[in-house]
Amino acid sequence: MPELPEVETISRILREGTSEMPSLIGKSILGADVLWRRSVATHTAEDFDIGIRDQVIKEIGRRGKYLCLGLSRDVLLLHLRMSGDVWLESPEKLILTHYRVVINLKDPMDGGLFRFVFNDPRKFGRIWLTSDPETILSGLGPEPLSEAFTQVGFYQSLHKRHRQIKPLLMDQTFLAGLGNIYTDESLHQAKLHPLTLSDQITVGQAESLYDSIRMILKEGIQRNGASIDWVYRGGGFQNHFRVYQRTGEPCYNCGTPIERIIVGQRGTHFCPHCQILSDNP
DNA sequence: CACGTCACCTGCGTGC
DNA sequence: TGCACGCAGGTGACGT
């Protein structure tokens with residue numbers, strides 16, 4: 001479940017806790033069980049357990065789609081890819097089939113024990129334990145909700161490239177955090193066809209796209225992200241999709257049936273009436 | 001540099 | 001019921 005709003009929601013929940021579970025902040029790490037070795041990108045299972053042991057979780061944040069846990073000495077980075085999820089639970093619970101990494105925690109105040117679970121059916125997710133997170137994060141493009149991401153800068157970046165807009169928006173080195181859902185939703189709101197070439201986008205269209213991206217991401221965060229199928233997290237944005245997974249259903253603007261095409265190997269949803277491709281070959 | 005293709009993985013829904 | 005197939009919120013390594 002991993003686009004920017006979902007990772008932001010998970011980050012917030014782990015940082016602030018819920019009525020069910022406390023915050024991760026301040027917990028000390030007793031050790032780690034790596035149940036699927038390839039889930040840990042930087043260490044062998046044994047070295048990961050040794051390296052992470054006795055560190056304390058100091059802070060929790062997000063960069064792009066990466067979840068970032070600041071520890072005493074290192075930073076733990078997690079990328080959930082397609083099916084990853086993380087949560088805190090009681091160590092009394094059963095270990096389930098899709099648990100890939102389990103980190104055992106202790107509250108130094110009251111001695112309470114917890115389990116931090118990395119669950120990932122498809123095994124695409126990765127965890128990095130590193131003293132220098134920039135080696136992994138430095139290639140990422142700007143944060144779409146940051147001050148550093150500006151309308152003017154966005155327009156200029158679009159015109160430095162000659163690419164179809166949808167794959168470009170999903171390129172994490174161009175902009176960090178958009179995936180298939182939020183890209184389709186943003187392009188629909190901006191009334192831009194997913195195949196529009198980036199250097200043919202006008203100033204007005206770029207402004208509209210910039211505003212749409214930020215509005216859609218904020219709406220996703222405000223609804224605690226989207227939960228689809230068996231990858232459920234309690235978000236609600238899936239009930240407010242305007243194009244994503246609405247193939248054949250009427251566009252809310254004009255009633256035209258939403259179409260689905262493949263762009264860059266990904267299912268792509270758009271309104272053929274609202275999102276016209278102006279042809280300039 | 002842009003783009004296509006495959007690889008990594010499992011599970012779910014559909015249709016025969 | 002079984003089984004093949006298409007589909008899935010992502011990315012990285014290739015080849016052209």
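Sequence lines set the chain letters: A, B, ... in the order given, protein chains first and strands last, and positions in each chain run from 1.
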- What is the distance from OH of A:Tyr244 to P of C:dA8, rounded to the nearest Å? 6 Å
- Do any side-chain nitrogens or oxygens of A:Arg266 fall under 4.0 Å of OP1 or OP2 in C:dG10? yes
- In whole angstroms, how far is the C1' atom of B:dA2 from the NZ atom of A:Lys160? 18 Å
- Would you say B:dC9 has OP1 or OP2 under 4.0 Å from some side-chain N or O of A:Arg38? yes
- Winner on side-chain proximity to A:Lys65, out of C:dC7, B:dC3, C:dT11, is C:dT11
- Query: In terms of side-chain heavy atoms of A:Arg100, which of C:dA8, B:dC3, B:dT10 is nearest?
  - Reply: B:dT10
- Query: If you find the nucleotide of DNA chain B closest to A:His98 and the one closest to A:Pro167, which residue's nucleotide is nearer the 5' end?
  - Reply: A:Pro167
- Message: With a cut-off of less than 4.0 Å, is there a side-chain N or O of A:Lys123 near OP1 or OP2 of B:dT10?
- Response: yes
- With sequence neighbours excluded, residues passing side chain to side chain donor-acceptor pair (under 3.5 Å) with A:Arg63: A:Glu143
- Task: Report which part of the nucleic acid A:Arg126 touches: base, sugar-phosphate, or nothing (heavy-atom distance under 4.0 Å, all strands).
- Result: nothing
- Message: OP1 or OP2 of B:dC3 versus the side-chain N and O atoms of A:Arg163: is any pair under 4.0 Å?
- Response: yes
- Could you state the CE-P distance from A:Met170 to C:dT11, rounded to the nearest angstrom? 7 Å
- Message: Output the rounded distance in Å from CG (A:Asn180) to P (C:dA8).
- Response: 8 Å
- Query: Should the heavy atoms of other residues, nucleotides or ligands under 6.0 Å from CD of A:Glu46 be counted, would the total exceed 12?
  - Reply: yes
- Query: Between B:dA2, C:dG9, B:dG4, which one does the side chain of A:Gln265 approach most closely?
  - Reply: B:dG4
- Query: In terms of side-chain heavy atoms of A:Arg161, which of B:dA2, C:dG9, C:dT11 is nearest?
  - Reply: B:dA2
- Spell out, as yes or no, whether a donor-acceptor pair under 3.5 Å connects the side chain of A:Gln275 to the backbone of A:His273. no
- Item | Among A:Asp171, A:Thr183, A:Asp184, the one residue meeting side chain to side chain donor-acceptor pair (under 3.5 Å) with A:Lys166 | A:Asp184
- Return the value, rounded to whole Å, for the distance between atom CZ of A:Arg63 and atom P of C:dT11. 13 Å
- Message: Tell me the interatomic distance from A:Leu140, atom CG, to C:dG10, atom P, rounded to whole angstroms.
- Response: 14 Å
- Item | B:dC3 to C:dG9 separation - C1' atoms, rounded to the nearest Å | 23 Å
- Select base, sugar-phosphate, or nothing to describe what A:Tyr182 touches, counting heavy atoms under 4.0 Å on all strands. nothing
- Which side-chain hydrogen bond (donor to acceptor under 3.5 Å, both in side chains) pairs, counting each pair once, include a residue from residues 190-199 of chain A, with sequence neighbours left out? A:His162-A:Asp199
- Task: Report the distance from atom OG of A:Ser28 to atom NZ of A:Lys106, rounding to the nearest 0.5 Å.
- Result: 7.0 Å
- Message: Tell me the interatomic distance from A:Ile261, atom CD1, to B:dG4, atom C1', rounded to whole angstroms.
- Response: 16 Å
- Message: Using the P atom as the point on both nucleotides, what is the distance between B:dC6 and C:dC5, in whole Å?
- Response: 16 Å
- Are A:Tyr210 and A:Phe149 close enough that their ring centers fall under 6.0 Å? yes
- Query: Can A:Phe124 be called stacked on C:dT11 when the rule is centres closer than 5.5 Å and an angle between planes below 30°?
  - Reply: no
- Note on the structure: For DNA chain C, consecutive-pair runs of 3 or more (Watson-Crick or G-U wobble, both H-bond-type distances under 3.5 Å) give B:2-8 with C:10-16, B:10-16 with C:2-8
- Plane angle bin for A:His159 and A:Tyr155 - parallel if under 30°, tilted between 30 and 60°, otherwise perpendicular: tilted
- Nearest-Å distance for atom pair CG/C1', residues A:Leu137 and C:dT11: 15 Å
- Looking across every strand, which nucleic acid part, if any, lies under 4.0 Å from A:Gln172 by heavy atom: base, sugar-phosphate, or nothing? sugar-phosphate
- Query: Can you tell me how far P in C:dC3 sits from the matching atom in B:dC9, rounded to whole Å?
  - Reply: 25 Å
- Would you indicate whether A:Met21, at its atom CE, is surrounded by more than 12 heavy atoms from other residues, nucleotides or ligands within a distance under 6.0 Å? yes
- With respect to the side chain of A:Arg260, which nucleotide from C:dC7, C:dG9, C:dT11 is positioned closest? C:dC7
- Query: Does a distance-only test, which skips hydrogens and angles, find a donor-acceptor pair under 3.5 Å between the side chain of A:Arg122 and the base of C:dA8?
  - Reply: yes
